[in-house]
Structure formats: C-alpha cells, structure tokens
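Written out below as structure tokens is the structure these notes cover.
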Amino acid sequence: PVLADHPLVRGPRFRKLKIGAGHRLDVKASGVFVLGIGHGNKLLTDLYNCHLTKVYTVGGLFGKATDDFSDTGNLVEKTTFDHITREKLERILAVIQGTNHKALLMYSNIDMKTQEAYELAVKGLIRPMGKSPPIITAVRCLQFALPEFQLEIHCLHETQQYLRKMVHEIGLELKSSAVCTQVRRIRDGVFTVDDALPRTQWNLQSIQEAIRNCQLRVETELEKTL
C-alpha cells in the first residue's frame with residue numbers, strides 16, 4: 001500500500017479551509033491572481049462589488065494576424081508595418097481612451113453637473129457600480145520598437161481575450177495587423193505584483209504574512225467605496 005497519504009506520515013490536514021478565486025486569468029496570461037482564504041472569500045465578494053480598476057502590461061507585434069489574436073494562434077495574414085510611427089499609435093490610443101471615457105460616465109449613472117460627481121471625481125471613484133461592457137479607463141504606450149510595442153492598460157470588467165482583440169483592432173486602425181504577445185496583470189484593485197507570492201513561497205508563513213500586509217489596504221478600500 002502507498003503510505004504517503006497516511007495520517008501518521010503526512011500529519012494533520014486542513015479539511016475545512018475554503019479557498020475562492022478572484023478575477024480569473026486565462027492560461028495565456030500571467031501576473032496578479034487574488035485568492036480568498038476562509039473569511040477572505042466574503043472580502044473577495046465585497047472587493048468585486050467595488051468594481052476596482054485592474055492594470056495590465058500588454059505586448060504587441062505588428063505585421064501579422066492570427067485566428068485567436070495571440071502570437072501562438074494560426075496565421076491568417078501578413079502585412080507591412082513600416083509606415084507605423086509611435087505618434088500614429090498614440091493618436092489611436094487617445095481615441096480609444098476618449099471613447100471609453102464617455103462610456104465610463106454613461107455607465108456610472110452620475111449627473112456630471114452635481115457636487116456629488118465632483119467629489120467622486122476628486123476621490124477617483126467614478127466607475128460603474130453595476131454590470132457594464134469592458135471599459136478602458138487609461139491606456140499608454142510604454143515601449144515602441146517596430147515591429148514590437150508594449151502598452152499599459154487600465155480597465156474594468158475586461159477579459160484577457162478582450163485585450164488581445166484590442167491589440168488586433170489597433171493593428172487594423174493603423175492599416176496593418178497586430179497580434180498580442182503577452183498579457184500580464186500588474187495590479188488588481190489594491191493588490192500589485194509586489195504583493196504576489198511566487199510559487200516558491202506558497203507556504204503557510206508567507207501566506208499569513210501576505211494577508212497581514214494587505215489587510216489594512218483592503219479594509220480602507222471597502223470603507224471608502226461601500
């Protein structure tokens with residue numbers, strides 16, 4: 001018989017520890033992935049109801065298109081990209097941000113002429129507090145070296161596939177094509193990459209310390225928003 005699972009070999013085991021997942025990451029994405037442990041599951045739900053912004057770094061490559069918008073998909077077409085400049089790319093990004101800003105105000109259901117709207121804007125709290133389509137709250141170009149580029153995208157209610165499609169559409173707007181080479185979440189609400197535990201630190205002590213370090217930020221955000 002295999003004795004590896006015998007209580008006298010492995011010691012006591014947690015049997016009633018509930019672990020819940022926050023905003024999911026698909027298999028082709030990386031970065032911050034928040035988990036709730038025990039009472040943290042309720043806090044996860046409360047944070048979800050705050051509709052906090054998430055931040056990604058997204059890599060792109062001009063010159064080709066694939067069936068799933070990623071660089072590992074099946075090639076659909078190849079295009080030229082020599083005519084693309086950083087200025088042209090940033091003009092497209094400004095249009096995307098402006099269009100999404102209008103959507104943000106529309107789904108926030110706030111009368112922009114009121115004192116309440118002013119106070120929420122000062123605190124950075126203008127955001128949809130219900131369901132809405134994906135909304136880009138800010139986007140900027142971090143790196144540009146043809147055919148590659150990298151964007152920083154602040155967004156709400158997105159999926160990683162939505163961000164890949166956005167890279168594809170930027171390529172089309174620039175009369176070329178583009179695929180997404182990387183989607184990395186660097187912030188999820190109050191949690192950043194600095195808070196994240198690499199696989200080598202998935203142990204009880206590190207997890208307890210991570211919970212303690214984030215506790216005050218979580219409480220402050222919930223108090224401010226809810």
Side-chain angles (χ1 to χ4, degrees), residues 20-36 43-62 65-73 89-90 92-110 120-121 124-143 149-174 177-196 218 221-222 225-226:
H23 297 111
R24 298 185 183 279
L25 283 172
D26 65 29
V27 293
K28 290 184 179 179
S30 64
V32 180
F33 180 50
V34 183
L35 298 169
L43 294 177
L44 264 185
T45 304
D46 292 341
L47 281 173
Y48 186 82
N49 291 332
C50 289
H51 300 275
L52 300 176
T53 302
K54 297 183 282 302
V55 183
Y56 293 82
T57 53
V58 176
L61 179 74
F62 289 119
T66 61
D67 58 347
D68 66 355
F69 314 128
S70 79
D71 58 338
T72 56
L89 172 59
E90 287 179 342
I92 297 296
L93 299 183
V95 171
I96 290 171
Q97 189 165 310
T99 305
N100 278 266
H101 186 64
K102 290 177 183 175
L104 177 65
L105 297 178
M106 183 176 77
Y107 284 100
S108 297
N109 294 325
I110 295 172
L120 287 172
L125 291 178
I126 291 183
R127 51 180 176 258
M129 296 310 278
K131 286 186 177 180
S132 79
I135 294 176
I136 307 297
T137 58
V139 57
R140 68 189 181 107
C141 179
L142 295 177
Q143 294 175 5
F149 63 98
Q150 187 181 54
L151 308 176
E152 181 181 279
I153 302 175
H154 298 236
C155 46
L156 294 157
H157 304 165
E158 80 302 329
T159 64
Q160 289 82 56
Q161 187 62 10
Y162 174 82
L163 299 178
R164 292 186 192 99
K165 187 179 180 185
M166 178 177 159
V167 168
H168 167 75
E169 289 173 348
I170 287 171
L172 296 180
E173 288 291 333
L174 289 165
S177 57
V179 292
C180 182
T181 57
Q182 179 205 48
V183 176
R184 179 168 172 78
R185 187 192 286 157
I186 59 173
R187 175 184 284 274
D188 185 346
V190 298
F191 304 100
T192 69
V193 169
D194 293 334
D195 300 313
V218 171
E221 185 59 55
L222 291 176
T225 308
L226 298 181

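All residue numbers refer to positions in the sequence shown, counting from 1. Quick caveat, the model's predicted, so the values are computed rather than measured.
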Donor-acceptor pair, distance only, cut-off 3.5 Å: does the side chain of [X] make one with the backbone of [Y]?
X	Y	result
N100	Q97	no
T66	D71	no
R185	G31	no

From [atom1] ([X]) to [atom2] ([Y]), nearest 0.5 Å:
X	Y	atom1	atom2	answer
H101	T137	NE2	OG1	10.5 Å
R187	H154	CZ	NE2	8.5 Å
L163	I136	CG	CD1	6.0 Å
K165	H168	NZ	NE2	7.5 Å

For [X], give me all partners under side-chain hydrogen bond (donor to acceptor under 3.5 Å, both in side chains), at least two apart in sequence or on another chain.
X	value
S177	T79
E173	none
Q160	Y56
Q161	R164

[X] and [Y]: which non-hydrogen atoms are nearest, and at how many Å?
X	Y	answer
A21	F33	CB-CZ, 3.7 Å
F62	A178	CD2-CB, 3.8 Å
F149	L61	CE2-N, 3.7 Å
D195	V190	OD2-O, 3.8 Å

Run the side-chain donor-acceptor check on residues 47-55: report pairs under 3.5 Å with partners two or more places apart or on a different chain.
unit_1, atom_1, unit_2, atom_2, d
N49, ND2, T45, O, 3.3
H51, ND1, H157, NE2, 2.8
K54, NZ, E158, OE1, 3.4

| message | Looking at K28, I'd like to know if its NZ atom is crowded, meaning that more than 12 non-hydrogen atoms belonging to other residues, nucleotides or ligands lie closer than 6.0 Å. | response | yes
| query | Under 6.0 Å from the NE2 atom of H23, do we count more than 12 heavy atoms belonging to anything else shown? | reply |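 Atom NE2 in H23 is crowded, with more than 12 foreign heavy atoms closer than 6.0 Å.
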| How far apart are the C-alpha atoms of I153 and M166, what are their side-chain angles, what is the distance that settles it, and do they pass the side-chain contact (heavy atoms from CB on, under 4.5 Å) test? | CA-CA 11 Å; I153 302 175; M166 178 177 159; 3.9 Å; yes
| task | Flag the pair D26 / T159 as yes when at least one side-chain heavy-atom distance between them is below 4.5 Å, and no otherwise. | result |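 D26 vs T159: side chains apart.
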| said: Tell me every residue that passes ring pair (Phe, Tyr, Trp, His ring centres under 6.0 Å) with F191, counting only those two or more places apart in sequence or in another chain. | reply: none
| message | Pair L93, C141 - check side-chain contact (heavy atoms from CB on, under 4.5 Å), show working. | response | CA-CA 8 Å; L93 299 183; C141 179; 4.0 Å; yes
| Among T57, I170, I96, side chain to side chain contact (heavy atoms under 4.5 Å, CB included) partner for L151 |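 Of the listed options, the one satisfying the test is I170.
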